[in-house]
Amino acid sequence: MDILMALFPLIALIVVGFALKRTEFLSEGFWGNSEKLNYYILFPVLLFLNISKVELNLETVSSLLTVLIVVTLVVAVFLWILKRIYHIPTERFGVYVQSQLRFNTYIGLSLLAMLFGSPGMQMFSMVIAVAIPLVNIISVLSFSTVSIATLRKTFIAIIKNPLILACIVGVLFNVLNINLFLGLDNLLKLFAAMSLPLGLLSVGAALQFNQIKTDITRLSINVFARLLFMPLFTYAICLLFGLTQFETTVLITYFALPTASASYILTKVYQGDDRLMAAVISLQTIFFILTYPLLMEILF
């Protein structure tokens, strides 16, 4: 019941975003501008505040992040093996990689805030700090040939990413024990408070069910591989590394999330199968509402 109550406001905001977009109650320009505001200002502020205030236990953090990296790399290698075996075209392979490895930060942070409050948000922010550059590098490489030029371009894009910069600054403030004066801290908290509701509305607005027309079998395998296999595999690795229930829940939540809405943009930029990507994003977002409570009931 706690899981369902935590999910309810998230689902409601996503549905409202979907309804606002489809009824054109707000102009098309609103969504692009709101996503830009959130990406460059509001969400980086939220990440900075959480990471700068988290109590860093190096033993706990190192174990958590080790599992994150191990699961991500194992799945990435497995996907590349499947590409070689089944000769998957690059435009579809990039979609499959993103659908399994990228994650919806707005849903993740909102959900863990509902379940665990500040400790949940802070721990998830630490996960994000490592996951964002890692999955972005893998996602870009899945659409292109590995080369020095590609790696250099990807690296430059990553170090300019406002979310990653916010994480780095947050870690520096934390390690150096720098405190903001109260007025500025309260101002940043107001900015941060706007980020998740606006982000969830944007998640709903990005849903495109008109793209789901064919190849339901392939889509179904893709969706449930992400929403069920990935978290179950993660659970096994967490047990192997001896993580606590709280740490395990954070990681399972991360790997149980639907893929990021921004995956659609990256797919278009690299001329991938954007119709397939749109269908995957929409289906994963909807089925997450069913699979996440099921996982929590089975595992905990």
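All heavy atoms count here, side chains included; hydrogens, waters and symmetry mates do not. Model, not experiment: these values are computed from the prediction.
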Give me the atom names and distance for the closest heavy-atom approach of A6 to P9. O-CD, 3.5 Å
Listing, residues 122-134 side-chain donor-acceptor contacts under 3.5 Å, not counting sequence neighbours, or none:
from: S125; atom 1: OG; to: M121; atom 2: O; distance (Å): 2.8

Is a side-chain donor-acceptor pair under 3.5 Å present for N174 with S52? no
Find the distance between CG (L10) and OG1 (T285) and round it off to the nearest 0.5 Å. 11.5 Å
Provide the closest heavy-atom pair for W31 versus L20 in the form atom of the first, atom of the second, distance. CZ2-CB, 3.8 Å
Is it the case that the side chain of D185 and the backbone of F181 share a donor-acceptor pair, with hydrogens and angles ignored and the cut-off at 3.5 Å? no
Counting C-beta onward and ignoring hydrogens, is there a side-chain heavy-atom pair between F209 and R22 closer than 4.5 Å? no
Is any side-chain heavy atom of F288 closer than 4.5 Å to one of L7? yes
So, N222 versus S99: side-chain donor-acceptor pair below 3.5 Å or not? yes
Within this structure, what is the CD1-CG distance for the pair I286 and L227, rounded to the nearest 0.5 Å? 11.0 Å
Below 4.5 Å, heavy atoms only, C-beta onward: do T249 and F116 meet side chain to side chain? yes
Mind checking whether F255 and F233 have ring centres under 6.0 Å apart? no
Show your working on side-chain contact (heavy atoms from CB on, under 4.5 Å) between S202 and S261 and close with a plain yes or no. CA-CA 9 Å; S202 297; S261 301; over 6 Å; no
Measure across T72 and L101 and return the closest heavy-atom pair with its distance rounded to 0.1 Å. O-CD2, 4.0 Å
Let me know which of T248, V71, V250 forms a side chain to side chain contact (heavy atoms under 4.5 Å, CB included) with C238. T248
Give the minimum heavy-atom separation between R218 and R92, together with the two atoms involved. NH1-NH1, 3.3 Å
Any donor and acceptor pair, going by atom type alone, linking the side chain of E247 with main-chain N or O of T244 inside 3.5 Å? yes
Does any non-hydrogen side-chain atom of K83 lie less than 4.5 Å from one of T90? yes
What do the steps show when you test I14 against I107 for side-chain contact (heavy atoms from CB on, under 4.5 Å), and what is the final call? CA-CA 10 Å; I14 291 171; I107 295 177; 4.0 Å; yes
For residues D2 and L115, report the shortest heavy-atom separation together with the two atoms involved. O-CD2, 4.3 Å
Which residues pass the ring-ring contact (aromatic ring centres under 6.0 Å, His included) test with Y40, sequence neighbours left out? none
Is there a side-chain contact between R102 and L266, using heavy atoms and a 4.5 Å cut-off? yes
Does Y39 form a side-chain contact (heavy atoms from CB on, under 4.5 Å) with N161? I'd like the steps, not just the answer. CA-CA 9 Å; Y39 182 76; N161 187 308; 3.2 Å; yes
Measure the spacing between CG of N186 and CG of L180 and express it to the nearest 0.5 Å. 10.5 Å
Got a donor-acceptor contact below 3.5 angstrom from the R226 side chain to the L257 backbone? yes
Within a strict 4.5 Å, meaning less than it, do heavy atoms of the F224 and F287 side chains meet? yes
Find out if a path of hydrophobic residues (ILVMFWY) with successive side-chain heavy-atom gaps under 4.5 Å connects M230 to I81. yes
Nearest-0.5 Å distance that lies between atom CG in L47 and atom OG1 in T105: 7.5 Å
When rounded to the nearest 0.5 angstrom, what distance separates OH in Y106 from CG in L201? 11.0 Å
Has F300 got more than 12 heavy atoms of other residues, nucleotides or ligands less than 6.0 Å from its CZ? yes
Do you know the tightest heavy-atom contact between L276 and L219? CD1-CD2, 3.6 Å
Within this structure, what is the CG-CD1 distance for the pair L4 and I11, rounded to the nearest 0.5 Å? 8.0 Å
What about L165 and V45, same hydrophobic cluster or not, with Ile/Leu/Val/Met/Phe/Trp/Tyr joined at side-chain heavy-atom distances under 4.5 Å? no
Is the backbone of A260 close enough, under 3.5 Å, to the side chain of S263 for a donor and an acceptor to pair up by distance? yes
Determine, step by step, whether V203 and F18 satisfy the side-chain contact (heavy atoms from CB on, under 4.5 Å) criterion, reporting the C-alpha distance in whole Å, the side-chain angles of both residues, the deciding distance to 0.1 Å, and the verdict. CA-CA 8 Å; V203 170; F18 179 78; over 6 Å; no
Can you find a heavy atom in the side chain of L109 that is under 4.5 Å from one in the side chain of F43? yes
Specify whether F143 and Y270 have parallel, tilted or perpendicular ring planes, treating 30° as the upper limit for parallel and 60° as the lower limit for perpendicular. parallel
Shared hydrophobic cluster, L294 / I221 (ILVMFWY, side-chain heavy atoms < 4.5 Å): no
Any non-hydrogen side-chain atom of Y292 less than 4.5 Å from a side-chain atom of T253? yes
When you look at D273 and K268, which way does the salt bridge (charged side-chain N to carboxylate O under 4.0 Å, His left out) test go after all the steps? CA-CA 8 Å; D273 190 339; K268 293 203 74 170; over 6 Å; no
Shared ILVMFWY cluster between V135 and I156, side chains joined below 4.5 angstrom? no
N38 side chain vs S34 backbone, donor-acceptor pair below 3.5 Å: no
If hydrophobic clusters are built from ILVMFWY residues whose side chains come within less than 4.5 Å, do I51 and V175 share one? yes
Is T259 reaching over with its side chain to a backbone N or O of Q98, donor-acceptor style, under 3.5 angstrom? yes
Keeping S142 on the side-chain end and S139 on the backbone end, is there a donor-acceptor pair under 3.5 Å? yes
Tell me if the centroids of the rings in Y254 and F103 come within less than 6.0 Å of each other. yes
When the aromatic ring centroids of F30 and F25 are compared, is their separation below 6.0 Å? no
